[in-house]
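Below is one structure, written out as structure tokens, with a few remarks after it.
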Amino acid sequence: MVKWQDKQSYMEAECPSNYQFDETLVFLKRSNQEMHRVEGRIVYKALKVDGSAILFSVTEENDKLYIHVLKGKADSLTKESITVYVTKWFDLERDVAPFYQLAQQDPYLSKLVQQYSGLRIVGIPDLFEAFVWAIAGQQINLTFAYTLKRRFVEQFGEKLDWEGEAYWLFPEPEDLADCTIEMLRVLQFSSRKAEYILGIAEKMRDGSLQQALRENSYQELKKELLSIRGIGAWTADYVLMKCFRMQNAFPIADAGIHQALKQQLGRKPTLEEIAKLARNWAGWEAYATIYLWRSLNE
DNA sequence: ATCCAGGCGATGG
DNA sequence: CCATCGCATGGA
């Protein structure tokens, strides 16, 4: 349990065990087209609290995390919202000890957990953002996916300026109310993806999607997700992993997973082979996945 | 140039 | 039910 202490002008918390902030930074620095900004070891991020945009920073020193509110009213609601967000974003409340236990015995993971010790899932707490990002990233290279996301955010999101830098808030489904397929085509989304995203935005505007996703078991949630146009097995598991933070979510068809395992096997594994070796990861597939992904950006 | 990207739904057998 | 196809475009 992460306990954030309110220090008036900032907040602080002990890092959980088995956590390395620097691994979070590696992930956050993956693209320079993101909505957050990383400068040195400080992460800057805009967030909407009770209808208004705020900006905060988060950093770490001597196993302590520090959050500062940089812009906006630093009232208790704001502080609470930020700590909740950061806790989910960096997956700080998970007890990962069982995963490390399991991974140390695993032929595919033992080296990776040693090499990237303290890496945790960097999640996508916002549901709409998780959907848009997952759909945008379907079947295209990551660099282009980030370009699409940035264009989307700059077209429909809200901008917050602070000390000469721009910080963007991810759009809400309401911001897409007047958006057409053509408008997304201009940003170079495919027609298909445009349809998927607008369909999801609509289902979220009337609240029906959130309602359908109130189930809490992995199986129930996945079934609901798969019934949505544009959400296949890969996207469902990706969203379950990054937004619902289900540690057993496993996007098994993922090209990155295949590539990472190929480097260890010397050839591309079949789905059956992956399913077989993943039996050893039961319950922790999402964590196995992020360590495999991590091994790719060397 | 060619192949492939953190896939999906539609179509046809 | 499973295999194949079109999408759509940037990176390597």
Side-chain angles (χ1 to χ4, degrees), chain A residues 23 26-35 91 108-109 112 116 119-124 126 129-152 155 180-203 209 222-264 267-272 274-275 278 281 285-298:
Chain A
E23 280 296 335
V26 168
F27 184 87
L28 293 177
K29 287 195 284 194
R30 194 166 59 146
S31 168
N32 56 8
Q33 301 198 84
E34 271 286 16
M35 296 172 297
D91 206 22
Y108 302 93
L109 300 178
L112 300 183
Y116 312 118
L119 166 67
R120 293 192 181 212
I121 293 176
V122 176
I124 306 174
D126 181 79
E129 180 180 346
F131 279 131
V132 172
W133 171 239
I135 289 168
Q138 290 171 358
Q139 186 59 20
I140 58 173
N141 67 74
L142 268 180
T143 309
F144 182 43
Y146 275 115
T147 301
L148 288 177
K149 181 185 177 186
R150 179 181 52 75
R151 289 176 183 160
F152 182 85
Q155 175 83 49
T180 62
I181 289 172
E182 262 317 301
M183 290 165 74
L184 292 177
R185 287 285 300 121
V186 171
L187 306 185
Q188 287 181 298
F189 283 83
S190 66
S191 307
R192 259 321 155 52
K193 288 181 181 179
E195 289 168 20
Y196 300 163
I197 288 168
L198 293 186
I200 285 170
E202 193 175 348
K203 282 185 205 289
L209 185 47
K222 186 163 179 179
K223 193 178 149 195
E224 286 296 338
L225 288 169
L226 289 176
S227 73
I228 301 164
R229 185 170 147 78
I231 312 265
W234 178 87
T235 307
D237 274 304
Y238 184 86
V239 170
L240 287 169
M241 164 179 161
K242 300 281 278 190
C243 187
F244 291 83
R245 302 189 306 288
M246 298 217 147
Q247 61 188 37
N248 60 327
F250 190 36
I252 188 168
D254 180 80
I257 293 175
H258 295 197
Q259 202 185 324
L261 288 170
K262 181 182 170 186
Q263 290 180 3
Q264 298 204 34
R267 60 183 171 79
K268 211 168 181 183
T270 65
L271 283 179
E272 292 73 26
I274 298 174
W281 311 336
E285 291 88 344
Y287 260 78
T289 298
I290 63 153
Y291 276 83
L292 290 169
W293 283 345
R294 176 68 177 83
S295 71
L296 292 173
N297 47 337
E298 285 309 325

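Proteins come first, then strands; the chains are lettered A, B, ... in the order of their sequence lines, and each starts at number 1.
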Minimum heavy-atom distance A:Ala288-A:Trp281, with the two atoms named: CB-CE3, 3.4 Å
Interatomic distance, A:Gln138 CD vs B:dC4 C1' [rounded to whole Å]: 16 Å
Distance in angstrom units between A:Ile135 CD1 and C:dT9 C1', rounded: 18 Å
Please classify the nucleic acid contact of A:Ala233 as base, sugar-phosphate, or nothing, using heavy-atom distances under 4.0 Å. sugar-phosphate
At under 4.0 Å, does any side-chain N or O of A:Thr143 touch on OP1 or OP2 of B:dA5? no
If I compare all heavy atoms of A:Ala136 with all of A:Phe189, which pair ends up nearest, and what's the gap? CB-CE2, 3.9 Å
Of A:Ile140 and A:Thr147, the one whose nearest nucleotide on DNA chain C sits closer to the 5' end is A:Ile140
When the distance from CG of A:Leu271 to C1' of C:dA3 is rounded to whole Å, what number comes out? 14 Å
I need the CD1-P distance between A:Ile257 and B:dC4, as an integer number of Å. 19 Å
So, does A:Arg192 get its side chain near the phosphate of B:dA10, meaning an N or O under 4.0 Å from OP1 or OP2? no
Strictly below 4.0 Å: does A:Ser190 bring a side-chain N or O up to OP1 or OP2 of C:dT9? no
Starting at the 5' end of DNA chain B, which residue's closest nucleotide do you reach first, A:Ile231 or A:Gly256? A:Gly256
Is there a side-chain contact between A:Ile252 and A:Asp237 (heavy atoms, below 4.5 Å)? no
Whole angstrom value for the distance that separates C1' of B:dA5 from CH2 of A:Trp234: 11 Å
Base, sugar-phosphate, or nothing for A:Thr235, non-hydrogen atoms under 4.0 angstrom? sugar-phosphate
When the nearest nucleotide of DNA chain B is assigned to A:Tyr146 and to A:Ile228 on a heavy-atom basis, which residue is associated with the more 5' position? A:Tyr146
Whole angstroms only, please: what is the CZ-C1' distance between A:Arg150 and C:dT9? 15 Å
A:Asn141 side chain, from C-beta outward: closest of B:dC8, B:dG9, C:dG10: C:dG10
Validation row: A:Ile257, A:Phe250 side chains within 4.5 angstrom (heavy atoms): yes
Might you confirm whether atom CD of A:Glu202 has over 12 heavy atoms from other residues, nucleotides or ligands at distances under 6.0 Å? no
Nearest-Å distance for atom pair CD/C1', residues A:Gln188 and C:dG10: 9 Å
Show me, range against range, the stems involving DNA chain C, built from at least 3 consecutive Watson-Crick or G-U pairs below 3.5 Å. B:2-5 with C:9-12, B:7-13 with C:1-7
What heavy-atom pair brings A:Tyr287 and A:Ile121 nearest, and what distance separates the two atoms? OH-N, 3.1 Å
Name the closest nucleotide to the A:Phe144 side chain, picking from B:dA10, B:dC8, C:dG10. C:dG10
Parallel under 30°, tilted from 30 to 60°, perpendicular over 60°: which one fits the rings of A:Tyr291 and A:Tyr116? tilted
Within this structure, what is the CG-to-C1' distance between A:Leu296 and C:dG11, rounded to whole angstrom? 15 Å
Would you say A:Ile140 and A:Lys193 make side-chain contact, with heavy atoms under 4.5 Å? yes
